[in-house]
Amino acid sequence: MKLVVTEKNDAATKIATLLGVKKPKADKVYSTPVYRFEVDGEEWVTIGLRGHILEPDFTPTLIYKKRGGWRGVTAEGEAIPAQLPASLARPPFKKKKPFIEDGVELKAWKMDALPYLIYAPIEKLPKEKEIIRSLKNLAKKADSIVIATDFDREGELIGSDALSCIQEVNPTAPVSRARYSAFTKEEITHAFSNLVELDTNLASAGASRQDIDLIWGAVLTRYLTLVKFAGYGNVRSSGRVQTPTLALIVARERERLAFIPEDYWVIKGAFDAGATAGPTAGDELAFTAPHSTARFKDEAAAKAAMAAVSGAASATVAAVEKRTRKQQPPVPFNTTSLMAAASAEGLSPARTMRIAESLYMDGYISYPRVDNTVYPSSLDLAEVVKTISGNPAYAPYCQQLLSAGELHATRGKKETTDHPPIYPTAKATPDDLAPADYKLYNLIARRFLATLSDAAVVEGTKVTLEVGGEHFAAKGDVLVTPGYRAIYPYGMKKDEQLPAMSEGQQIAFNGAECTKKHTEPPARYSQGKLIQEMEKLGLGTKSTRHSIIERLYTVKYIQNDPIEPSQLGMAVCDALDKFAPHITHPQMTAELEEEMDNIAEGRNTKDAVVTNSRNLLSEQLANLLPHSEEVKDALADAVAADAYVGKCPKCGKDLQIRVSQKTRGMFIGCAGWPDCDVTYPLPKGKVESLPDPCPTCGMPQVKVTAFRSKPRTLCIDPNCETNKEPDVVVGECPKCAEAGKKAKLIAQKNPRTLKRFIRCENYDECGVGYPLPQYGAITATDEVCEHCGAPMVIVTTTRGPWKLCPNFSCPGKEIEAEKKAAAKEAKAAAKKAPAKKTAAKKPAAKKTTAKKAAAAKTEEPAE
DNA sequence: GCAAGGTC
C-alpha cells in the first residue's frame, strides 16, 4: 500500500480524486478521514494532516514546565552554557532553605532563571495526537510513503514532522516527495510521476524559525509578565511579529501626539445657475463651490478674498472643463485584499477569516488562504457566473455578463498557482446564511462579478467661476457608464451633479462663507490598513496576521478600531525599544528570512543560526535585566493610567476600574484602598474611561459597551440625576390577586447594584419579582403574558422598542426557543441540498450550522 | 501562564 500524506483533508480528497481511476472510497482511520483508491492495481491511501502535528517546546524537565509554572531551573540538565555572557551569570539562589522540587534543588528563580531558558533544550512534542495515531496506524501497513504537503517552507517542515512520526513505526519504507502547486490533473499527475526527495534543508529552515520564535517569545513574554506581576491570566506578551506590529501602532500614535495642528481658512461660495443675480426660491440649480485656493494659510489673505467678493451678486463662468476618466474594475480577492475590503465594511480581519473559513467548509467559497490574485485558466468563469446567478440580486447582471460573449477577468500583481483567488463556489441568498456570513459572501460574489466587468466611466466637470477677481472652482462627478460599479458599489462616492453652465454665462452669487479649520494629524490604522502594512513589511503570513492583531487586543495593548494603543501597549513598546530593540523592528523578520534562505541553500545550519539568535537574545536580556526597576515602574504607571477614571471625592486619590476577585465583575475602586472604601458599581460589558466629567454632577463618566449593543455614556455615581430612574407601575401582582389582595408590580432600580427588576409592593409576603434588562427605558403595557400571567413591558433601547415578558422561568420562553430551533433546522436542511459536497465535508458543515444555532439561542435572552 | 505557523 502506498501512503500519501497531505497537509490538510481538502488536499487529501482532491489528490485522491485526481489520481484514482475510479472515485476514491472515503474511509476513516480512528476519527481521521482517509481516501482509498487504486492506481495500476496498487492500493493507495491519502490522509490529510491538520497543519503542524508536532510543536516545539522546552523539554519538560524542571525548566518551568512542571506544576507551578514558571518556577526556576536546576543547574543539572539545564547547565549554564558556555555562550552565556558573564554579565548574565546570576548570584547563587538566595533562599534560606533550598527550594527542592522533585528532589532536585532549583538553582535560579523566576526572573533570574530567564538567561538559562534561552539555552534550554527544545524538543518536538505531539500536538495532534489523534492525527498522529491515525498516521502511524496507516504507516505500519505502508510499503512506500509519499509526502505531498504544500509546496512551501512550512509544508516541507510539516512533511518532515509527519515523516518522523511515520519512521517511528516503519523505518524502512521508501519515502519520496511530491511537489505540486495546483490541484489540476496535469499538475498532480506530473508531480506523482516525477517524485523527488524531501528537502531536509528547507525543513530545518522552518524548524529554526519555530525555535527562534519560541525562545524569543517565551523569554521576553515571561520577562514582561514577571517584572510586574499582575495576577495569573495577566500575560504581557512579546514576539517577533506581534511586537513590531505593536510598534507600528505606537509610532503612529506618537506622530499624532507630536502633531501640531496648523490653522487654515476655507472659503465657500454659494451660487445659483438658475438666476443671473440674487437668490431664487429653492431650486436644484443652487450649488456651493470652494475658493480656488483650497486652503488659506494666512487669515489676512482669506479676509482680503472675502472683502473682494463681498457685495457681489453675480459670478461669471470663466471656464467649463469636462473630463471623462475610467475606473478600472478591481482585481480578484486574495486573503489580504479580502480582509482589507471587509474591514471597510465593518468586519474585523479576524472575524472575516472565521466567517470565510466556515463559508469555505460549507462549500460557498473557495479556499480562503491565498496570495494569488490571478484566476487560473482551468477555472470556468462562466460556470461560476451561472452558479451564483441563482441569487435574484445577481441574476440580471449575470445574464448581461454571459450574453456579452467571452469572459475576461482582471489580473492582480501576485500570481501563484497553488490555489485560485477567492471566488464563490455555490449560490447563496440572505435566507441561506446568517447576516454577517451573507455580508461576506455578498462581498466575495460581487467582487467576483466585478473582476469580469468593464471599467466604470466617470465624467468629471470643473467649472471655474469668477467673482470680483476671485476664482471659485466647482467640481462634479457623475457616473456615466456604470460598468463594474453596477454590481460592486463598495467604497463608491456619491454622484455630485453640477447644473449645466457655459462659458461667459452670468449666474447668481449668493455670498461666501469663511471657516477656520486646522490640519489633522495622520490617521490611526484601521485593522484593514494595518494588515496591509504588515504584509508590506513582511510581518506574519496571510494566515496569521489577523490573529496577531487579535492577540494585541486580548493582552490589552491596543483598543478600538481605528486602533489606538493603550498606555500599557506604549509602555511595553517603549521599554523593549529602549533595552531590547531587536524585537521591536520588522528587521528581525527580514534577517530571519535571509538566514532561512541560507539554511535552505545549505550555506548555513539550523544549529548555527539558532545559537546565533540565542546569543543575540542574551545580549538583549543583559540590557533589560539591570533596568528591571525602571521597566516595572513604567508598566505599573501605564496600567494605573489605563484604569484611571477620575479623582476620589472622599480622599482625592485616583479612582480606577478594577476587577473583583470574588465575582470577576468590574467595579470602580479608590487607589487609596484599604484606607479609603469608596467604590462604585459598574454594569456588565466593556468599560472605558472618558476624559470629560458628568455635565450634571461633575463626577467622572465611563463609556459602557454591552454585548451586541451600541456604546453609552454613564456617570459613575449611581445617585446622579442622570442615573435616576422613576419607578414605573407595570401591572398587578398575579399572586396577590389570587389571594384576593390588590398589589402593584413596580419596575425599579437598585442604586447599589445597578440591577433592575420588577417587584410586587407586597414582596416580603408574596415574593413576586422579575429581572429586567440592564438598560433601556421601561414602559408599562396593559397586557399580561399569555403563558405565565406576568405583566408584559416594553423596553426601549438604541435598537428600538421591544416587548417582553420579564418572567425568567416563563414556559413561553421554551416554546419560543423550540420554534426558533425548528426554523433553523429547516433552513439548514434546505441549505444542504444545493451544496453538493463529498461525504467527508458533511460532518464539518453540520457542525458549523449546529454551532451557529446554539450561538443564536444563547444570544436570545439579551441580558 | 510564553511565539508563530499551519489548519478545523
Side-chain angles (χ1 to χ4, degrees), chain A residues 6-12 31-33 48-58 63-71 110 113-114 117-118 120 122 127-128 130-131 149-150 152-162 203 205-226 229-245 353-354 356-362 367-369 534 538-552 554-555 583 588-589 592 596 613 617 840-841 843-848 851:
Chain A
T6 68
E7 193 158 319
K8 44 188 167 275
N9 181 43
D10 191 52
S31 61
T32 312
L49 307 177
R50 235 143 48 192
H52 293 281
I53 54 169
L54 302 182
E55 187 174 40
D57 206 347
F58 300 108
I63 284 249
Y64 300 95
K65 290 299 293 180
K66 286 280 182 178
R67 147 190 65 82
W70 306 347
R71 282 189 179 286
K110 301 235 162 166
L114 290 181
L117 184 64
I118 299 176
I122 290 174
K127 185 174 170 227
E128 299 288 345
E130 262 305 298
I131 299 262
T149 46
D150 290 0
D152 53 27
R153 191 170 55 221
E154 294 297 328
E156 211 70 17
L157 175 58
I158 290 164
S160 148
D161 285 348
S208 56
R209 180 208 52 76
Q210 286 187 318
D211 286 4
I212 289 170
D213 282 343
L214 172 66
I215 299 165
W216 282 75
V219 168
L220 292 174
T221 298
R222 288 181 193 188
Y223 175 84
L224 291 169
T225 306
L226 295 173
F229 187 65
Y232 288 98
N234 243 330
V235 171
R236 285 191 266 276
S237 61
S238 174
R240 172 178 59 81
V241 177
Q242 62 168 268
T243 305
T245 304
M353 289 315 287
R354 270 195 297 274
E357 180 69 39
S358 103
L359 287 175
Y360 162 65
M361 279 299 158
D362 291 356
Y367 189 68
R369 285 183 284 269
M534 289 170 79
L539 291 172
T541 72
K542 58 186 183 296
S543 320
T544 59
R545 288 183 194 113
H546 60 96
S547 63
I548 299 275
I549 296 176
E550 217 180 27
R551 175 82 189 143
L552 294 176
T554 49
V555 295
I583 195 70
M588 178 171 173
T589 296
L592 178 62
M596 282 195 289
S613 186
L617 175 58
K841 273 197 179 166
K846 228 186 217 165
K847 217 163 134 197
T848 45
K851 225 192 274 165

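First the proteins, then the strands, lettered A, B, ... as listed; each starts at 1.
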inquiry  = Do A:Leu220 and A:Ile583 make a side-chain contact, defined as non-hydrogen atoms from C-beta onward lying under 4.5 Å apart?
reply    = yes

request  = Describe the nucleic acid contact of A:Ser238 in one word from base, sugar-phosphate, nothing, applying a heavy-atom distance below 4.0 Å.
outcome  = sugar-phosphate

inquiry  = With a 4.0 Å cutoff (strictly under), does any side-chain N or O of A:Arg153 reach OP1 or OP2 of B:dG5?
reply    = no

request  = Report yes if the side chains of A:Phe229 and A:Asn234 come closer than 4.5 Å at any heavy-atom pair, otherwise no.
outcome  = no

ask   = Is the phosphate of B:dT7, meaning OP1 or OP2, less than 4.0 Å from a side-chain N or O of A:Tyr367?
value = yes

message = Could you tell me how far apart A:Asp211 (CG) and B:dG5 (P) are, to the nearest whole angstrom?
response = 14 Å

task = Pick base, sugar-phosphate or nothing for A:Ile548, based on heavy-atom distances below 4.0 Å to the nucleic acid.
result = sugar-phosphate

request  = Report yes if some heavy atom in the side chain of A:Arg236 is under 4.5 Å from a heavy atom in the side chain of A:Tyr223; otherwise report no.
outcome  = no

message = Can you list everything that forms a side-chain contact (heavy atoms from CB on, under 4.5 Å) with A:Arg551? Sequence neighbours excluded, please.
response = A:Val235, A:Ser237, A:Gln242, A:Thr554, A:Val555

ask   = Should A:Arg354 and A:His546 count as side-chain neighbours, where that means a heavy-atom distance under 4.5 Å?
value = no

message = Students often get this wrong, so: under 4.0 angstrom with heavy atoms, is A:Glu357 touching a base, only sugar-phosphate, or nothing?
response = sugar-phosphate

query = Do the side-chain N or O atoms of A:Thr225 get closer than 4.0 angstrom to the phosphate oxygens (OP1, OP2) of B:dG1?
reply = no

key: A:Gln210 vs B:dA3: side-chain N/O to OP1/OP2 distance below 4.0 Å   = no

message = Are A:Ile215 and A:Ile122 packed together at the side-chain level, in the sense that at least one heavy-atom pair is separated by less than 4.5 angstrom?
response = yes

inquiry  = Classify A:Glu55 by what it touches in the nucleic acid, base, sugar-phosphate, or nothing, heavy-atom distance under 4.0 Å.
reply    = base

ask   = What is the distance from CG of A:Asn9 to C1' of B:dG6, rounded to the nearest Å?
value = 15 Å

message = Need to verify one output field. Residue with the more 5' nearest nucleotide on DNA chain B, A:Glu128 or A:Asn234?
response = A:Asn234

Closest listed nucleotide, where the reference is the side chain of A:Phe229 and the choices are B:dG1, B:dA3, B:dT7 = B:dG1

query = Out of B:dG5, B:dG1, B:dA3, which nucleotide sits closest to the side chain of A:Glu154?
reply = B:dG5

request  = Indicate, with a heavy-atom threshold strictly under 4.0 Å, whether A:Ser237 touches base, sugar-phosphate, or nothing.
outcome  = sugar-phosphate

message = What's A:Gly51 touching, base or sugar-phosphate or nothing? Going by heavy atoms closer than 4.0 Å.
response = base

ask   = Tell me: CD1 of A:Ile549 to C1' of B:dA3, nearest whole Å?
value = 16 Å

key: Sugar-phosphate only, base, or nothing, as touched by A:Gly155 at under 4.0 Å among non-hydrogen atoms   = nothing

message = Any base atoms under 4.0 Å from A:Lys127, or only sugar-phosphate, or nothing? Heavy atoms, all strands.
response = base

remark   = Whole-Å distance, A:Leu157 CG to B:dA4 P, equals 17 Å

query = If only side-chain N and O atoms of A:Thr541 are considered, is one of them under 4.0 Å from the OP1 or OP2 phosphate oxygen of B:dG6?
reply = yes

query = If you check the A:Arg222 side chain, which of B:dC2, B:dA4, B:dT7 turns out closest?
reply = B:dC2

key: Listed partners of A:Glu154 passing side-chain contact (heavy atoms from CB on, under 4.5 Å), at least two apart   = A:His52, A:Asp152, A:Leu157, A:Arg209

message = Taking 4.0 Å as the cut-off, does a side-chain nitrogen or oxygen of A:Arg50 come that near to OP1 or OP2 on B:dG6?
response = no

key: Length of the line joining A:Asp10:CG and B:dC8:P, which is rounded to integer Å   = 7 Å

ask   = Are OP1 or OP2 of B:dA3 and a side-chain N or O of A:Arg551 less than 4.0 angstrom apart?
value = yes

request  = Take the protein atom CD1 of A:Ile215 and the nucleotide atom C1' of B:dA4, then report the distance between them rounded to whole Å.
outcome  = 13 Å

ask   = Pick the nucleotide of DNA chain B nearest each of A:Pro56 and A:Asp152; which residue has the one closer to the 5' end?
value = A:Pro56

note = Here the distance between atom P of B:dC8 and atom CD1 of A:Ile53, to the nearest Å, is 14 Å

task = Check the distance between B:dC2's P and A:Ile583's CD1 and give it to me in whole angstrom.
result = 16 Å

task = Look at the side chain of A:Met361 and decide which nucleotide, out of B:dG5, B:dC8, B:dC2, has an atom nearest to it.
result = B:dC8

